[in-house]
*Asks:* 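Handing you this structure, nothing more for now.
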2 protein chains.
Amino acid sequence: MNEKLELDKRKAFILATVVYEYINTAEPVGSVTLTQKYNLGVSSATVRNELAELESLGYLVQPHTSAGRIPSDAGYRTYVDRLMQPESLTKDDTRRIRDQFREASQELGDVIEQTTRLLSGLSGNLAIAVAPSRDTHAFKHVQLLWLSSRTGLAIVVTSGGVGAQRVFEWTTEVNADELTRLSNALNSRFGGRVMEEIGPADIDAVCAELGTSAEIREAVRGVFATARQTDEPEIAAAGAQNLLDQPEFHDLRKLRAILRIVEEQRTLYDLIADELAAENAAATDAAHVRIGHELRADELSECSVVTVPYRFGDRGVGMLAILGPRRMPYGRLIALASGTARSLGDHLNDVEIR
Amino acid sequence: MNEKLELDKRKAFILATVVYEYINTAEPVGSVTLTQKYNLGVSSATVRNELAELESLGYLVQPHTSAGRIPSDAGYRTYVDRLMQPESLTKDDTRRIRDQFREASQELGDVIEQTTRLLSGLSGNLAIAVAPSRDTHAFKHVQLLWLSSRTGLAIVVTSGGVGAQRVFEWTTEVNADELTRLSNALNSRFGGRVMEEIGPADIDAVCAELGTSAEIREAVRGVFATARQTDEPEIAAAGAQNLLDQPEFHDLRKLRAILRIVEEQRTLYDLIADELAAENAAATDAAHVRIGHELRADELSECSVVTVPYRFGDRGVGMLAILGPRRMPYGRLIALASGTARSLGDHLNDVEIR
DNA sequence: GTTGGCACTCTGATGCGCCGACTGCTAGCG
DNA sequence: CGCTAGCAGTCGGCGCATCAGAGTGCCAAC
């Protein structure tokens, strides 16, 4: 039960070393390699005994009888949770992240995409970014514009940029003043609110006060609904070609599974959705690692995902993620993802519409 | 010289059959296969003689001495230009295209992306779509909005949707009326123009008339410049995982080259840019096919690209493209791309902001 | 010009043997 | 009791030879 007892100091060191070595070489690790490359102070025979025990405890597996050991999900898990040393960003990484955000876009969607490019480049894996739910954006401004006597343009601006815009054609003539008055009323009523606090009933109330026509009311409802729309959260991914470097993806079926996941926004989002939900509840900024079967997807049983939330003001939470083989440099990737998330949050707060 | 003489009827038929058979089977085609599967009326020995001649003429090549023939670039070219029969869309394809556009988005960027998903799904290859240059969009509306005494929001709406929006912070206080008057002046001056006709000088002229401050003038210039921005044309691609099915991409290096091209918008755009330029000059709506080395990219020497323009009103021209192995069903893909381009153009005209 | 026949070539699959890497086990040592 | 040296055993991967199959080119005959 108690892992402290289960893993004495030497076992822990050997396990850590096996994981470390396997991450670096992609080759199963044997007892001789361990005694030669690392200063264990015991003979390979002793290491063999330890390896056998670690295997029976479930931390290591053998691909076949006469091969070295590779870590199991549990082995990676223990390594990540208790054995590895946390890393911090290198000077070079810090600089590259800073440079990237210095000239980053103001549009949420563009920033998300640029961030995935950055993170995939730095990490050498597939990077994913999910934008904060639009529901948590702050309402900034709504404007109904008179285009012609029967057409108008409705624009909702939120802290994420232009939340929605749409052109409407009406069956009856519309007065420009009427639109302006309605805009002003909506703005003063909703100013300072978060989008999820603005429902159809609130809109109806304002419209009723001004005696707005049903047609225009529908238009306003519609554009607000679009601005809140949460069923297709903004998401971006980049760096799939990085995965080709990893020997575990030379198998075409695995590669195919990954590519399918990347191209289908839905599955990609599902991959991160539970972390996002957990994050919204827990509200810590820590990176999380999910390993192999913990991802609950057969195609990803040989992959790991590092996720880290980023904060958009004091409201929204988005997610950055790195997807790669289980054999990934966890310490470095956690540092990269955390650093990027922090910079991303800072950037978004800087450019946020005040 | 004269290809009509160079290729008598029988040679033409044999060449067409070899290409057709190779496209379907991905296996080099031999003389026996030809005589057995197709009714040639001559023996395999005769076919062998013909094949040898077609090879010396440059239409076919042999992967190795004791294999069948496969088409060369020239062989495919002749097949596409003169031998194959044009195909038309199947009922099922027509329906799927129609259904897709019936519920398509209003935003240009979203439509482009949805179109690539549709076209990659239908074609089983990689689909690419380039949006019309933003320069050719019609100016619709500009609005400067007062947010607070020192901040404002500028929005430019074009026929492509919201062309640009940006929040500005000013060093001096700004009057809401001033912004409204400037908006009105700009709208009446620029109404009906195409974006490329609106330069900084035009903006300066309007600002001068109203005595607008330099700071606000810069803001207006900036947002118009963003709305016209053409250096990064909107582009989307989808369906890379389809290519994994093709045996020619089981080679990881080739796959890598393709994935890199797809993830880098720049190279992807370059692939289509010359066709786009040619199209702007020629103004025909025909599909074009480029085969193997005609693409002028070593990584793509075993690929072909079908491109077809689509028209956005009477102004802009965008491009749809399908990228796949040279061994692609040209007739079907040309029909699919053309049909999709037509529907896409129709859809864009329907939802265009009037 | 066409055809049947034949010798020849080359690929890809299959099977075999060997090498190397690693293990588990056992006996012995401190 | 833990550690170690040594050894037999196991298994994957690699190189090599073999073989069947597919296809060609050529030639002599029709």
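The figures that follow rest on heavy atoms only: side chains count, while hydrogens, waters and symmetry mates do not. Everything quoted here is computed from the prediction, not taken from an experiment.
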*Asks:* Return whichever of B:H64 or B:R10 has its heavy-atom-nearest nucleotide of DNA chain C closer to the 5' end.
*Replies:* B:R10
*Asks:* Considering only heavy atoms from C-beta outward, does the side chain of B:L15 approach that of B:L60 to under 4.5 Å?
*Replies:*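 B:L15 vs B:L60: side chains touch.
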*Asks:* If you measure from the Lys or Arg side-chain nitrogens to the Asp or Glu carboxylate oxygens, is any gap between B:R253 and B:D251 under 4.0 Å?
*Replies:* yes
*Asks:* Over how many whole Å does the gap from A:L60 atom CG to C:dT23 atom C1' extend?
*Replies:* 14 Å
*Asks:* Along nucleotides 23-30 of chain D, 5' to 3', which nucleotides get a B, which get an S, and which get a -, given that the test is a protein heavy-atom distance under 4.0 Å?
*Replies:* SBBB----
*Asks:* Contact between A:V308 and A:M319 at the side-chain level, heavy atoms closer than 4.5 Å - yes or no?
*Replies:* no
*Asks:* Please give, in whole Å, the distance from C:dG1 C1' to B:I14 CD1?
*Replies:* 14 Å
*Asks:* Nearest heavy-atom pair of B:S31 and B:S44: which atoms, and what distance?
*Replies:*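 Closest heavy-atom pair between B:S31 and B:S44: CB-O, 3.6 Å.
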*Asks:* Would you please say whether a donor-acceptor pair under 3.5 Å links the side chains of B:T33 and B:Y38?
*Replies:*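 Short answer, no.
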*Asks:* Grab the CD-C1' distance between B:Q36 and D:dG21 for me, whole Å please.
*Replies:* 14 Å
*Asks:* From CG of A:L54 over to P of C:dC22, roughly how many Å is that when rounded to an integer?
*Replies:*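 For the pair A:L54 CG and C:dC22 P, the rounded distance is 17 Å.
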*Asks:* Can you tell me how the ring of A:Y22 sits relative to the ring of A:Y76, calling it parallel under 30°, perpendicular over 60° and tilted otherwise?
*Replies:*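 If you compare the ring of A:Y22 with that of A:Y76, the planes turn out tilted.
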*Asks:* How close or far is atom P of D:dC1 from atom CD of A:E53, stated in whole angstroms?
*Replies:* 14 Å
*Asks:* Taking atom C1' of C:dT3 as reference, at what distance in whole Å does atom CG of B:L40 sit?
*Replies:*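 It is 14 Å, rounded to the nearest whole Å.
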